[in-house]
There are 2 protein chains.
Amino acid sequence: MKIGELARRSGLSVHTIRYYERIGLLPYADRDRSHQRDYDAAILVWIEFLGRLKTTGMPIREMLLYAALREKGPVTGAERRSLLEKHREHVRARIAELGACLLVLDTKIAGYADAEKRTLDYDAEHFRGNDKPPRARQARAR
Amino acid sequence: MKIGELARRSGLSVHTIRYYERIGLLPYADRDRSHQRDYDAAILVWIEFLGRLKTTGMPIREMLLYAALREKGPVTGAERRSLLEKHREHVRARIAELGACLLVLDTKIAGYADAEKRTLDYDAEHFRGNDKPPRARQARAR
DNA sequence: ACTTGACTTAGAGTGCGCTCGAACCCGTAG
DNA sequence: CTACGGGTTCGAGCGCACTCTAAGTCAAGT
């Protein structure tokens, strides 16, 4: 598989694939006789996993660490595992954090909804039949 | 409250506070007669909310939009609400995404744990009493 | 033979969100 | 009087993760 096809199939851009190879996130790809990269489909699995790490907010620095361990072969299994376990905790913490913010957001939105409703009720009460409230109805609070 | 104290109490750096004011995320602060910013404690609530938006991944660009609406007063309530509602969906989606990745991570980690266990079992089976397996036990698969 | 299009490299540029440096000003304590 | 611990502005610099440009190579199609 050439780089263009890999790009299409992985969702990364050609530029990004080369960039990842340059920094060591992707292993140095074999070249054909005209120096073009020739990929094995197996790389897709690795790229997909990198994507997960990225999605979950792992910085490239750390992915490089993981990639380097992977390159060293199965003896590094324990180390890789512990790295992933640490990362998993970050992800869990992040999810919890987002959940908490979501509640705040809900409250805030409910507040706006409330204010809106109160305004409508007020208008209904005082300007029934008028489709335009008079200009004095511009409020002062923030 | 001067900028230093606000920094301590908000968790932002003095630099960041000035930066936020510069770009319009914080309202232009009143200055005392020697041109020093003098803050009302109310600003802390706003900063905290900005922090939530930031935590949940809202880009500054969008926060600026929200901040601008806020500056315009309560007439912009509906717009602000819809902006937050849109953002809330992003946050929900993000949480779901992270949850999915978490499962993948769990699986991967379980895989490493498994491999480790199999190695130990194998060693226990074949090298009982030896605390060091011989050198030929270096595997070949990735 | 020539065009096309996909590839190569090295290195420069981009957008984001800060972060810092230089040079200066001000009010208070010793 | 002077030193200090704040503050001020403006603009440059940084770390991250790409993203793109320039100049060139190569293989296949017409």
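Chain identifiers are assigned alphabetically (A, B, ...) following the order of the sequence lines, protein sequences preceding nucleic acid strands; residue numbering begins at 1 within each chain.
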| remark: When rounded to whole Å, the CG to P distance for the pair B:Asp32 and D:dG6 reads 16 Å
| Closer to the 5' end of DNA chain D via nearest nucleotide, is it A:Ser34 or A:His15? | A:His15
| field | Nucleotide D:dT25, atom P - distance to CD of A:Gln36 in whole Å | value | 14 Å
| Presence of B:Lys2 side-chain N/O under 4.0 Å of D:dG5 phosphate oxygens OP1/OP2 | no
| message | Does D:dG6 have its OP1 or OP2 closer than 4.0 Å to a side-chain nitrogen or oxygen of B:Arg8? | response | no
| query | How is B:Ile3 classified with respect to the nucleic acid when contacts are heavy atoms under 4.0 Å: base, sugar-phosphate, or nothing? | reply | sugar-phosphate
| message | Once you apply a heavy-atom cut-off of 4.0 Å, does A:His35 come out as touching a base, just sugar-phosphate, or nothing? | response | sugar-phosphate
| field | Euclidean distance, atom CG of residue A:Leu64 to atom P of D:dG15 [Å, nearest integer] | value | 16 Å
| said: Whether the side chain of A:Asp38 engages the backbone of A:Met1 through a donor-acceptor N/O pair (distance < 3.5 Å, no angle test) should be reported. | reply: yes
| request: Kindly say if B:Arg37 contacts the phosphate of D:dG7, meaning a side-chain N or O under 4.0 Å from OP1 or OP2. | output: no
| remark: Rounded to whole Å, CE of A:Met1 lies from P of C:dC7 at a distance of 12 Å
| remark: Ranking B:Thr16 and A:Glu21 by the position along DNA chain C of their nearest nucleotide, the one closer to 5' is A:Glu21
| said: Count I, L, V, M, F, W, Y as connected when their side-chain heavy atoms are under 4.5 Å apart, and connections chain through other members. Are A:Leu53 and B:Val104 then in the same cluster? | reply: no
| said: Once you apply a heavy-atom cut-off of 4.0 Å, does B:Arg18 come out as touching a base, just sugar-phosphate, or nothing? | reply: base
| remark: note: B:Leu12, atom CG; C:dG17, atom P; distance rounded to Å ~ 14 Å
| field | Heavy-atom side-chain proximity of A:Leu84 to B:Lys108 below 4.5 angstrom | value | yes
| remark: Side-chain contact check for A:Arg61: nearest option of D:dA17, D:dG7, D:dC16 is D:dC16
| C:dA6 C1' sits how many Å from A:Asp38 CG, rounded? | 14 Å
| query | Distance only, no hydrogens: is a donor on one side chain within 3.5 Å (strictly under) of an acceptor on the other, for A:Arg80 and B:Tyr112? | reply | yes
| Once you round it to whole Å, what is the distance between C1' of D:dT8 and OH of B:Tyr39? | 12 Å
| said: Need one value for A:Arg22: base, sugar-phosphate or nothing, where a base atom within 4.0 Å counts as base even if backbone is also close, heavy atoms only. | reply: base
| Would you say D:dC18 has OP1 or OP2 under 4.0 Å from some side-chain N or O of A:Tyr20? | yes
| field | Sidechain N-carboxylate O distance under 4.0 Å for A:Glu85, A:Arg92 | value | no
| field | Rounded distance (Å) that lies between atom P of D:dC18 and atom CD1 of A:Ile17 | value | 12 Å
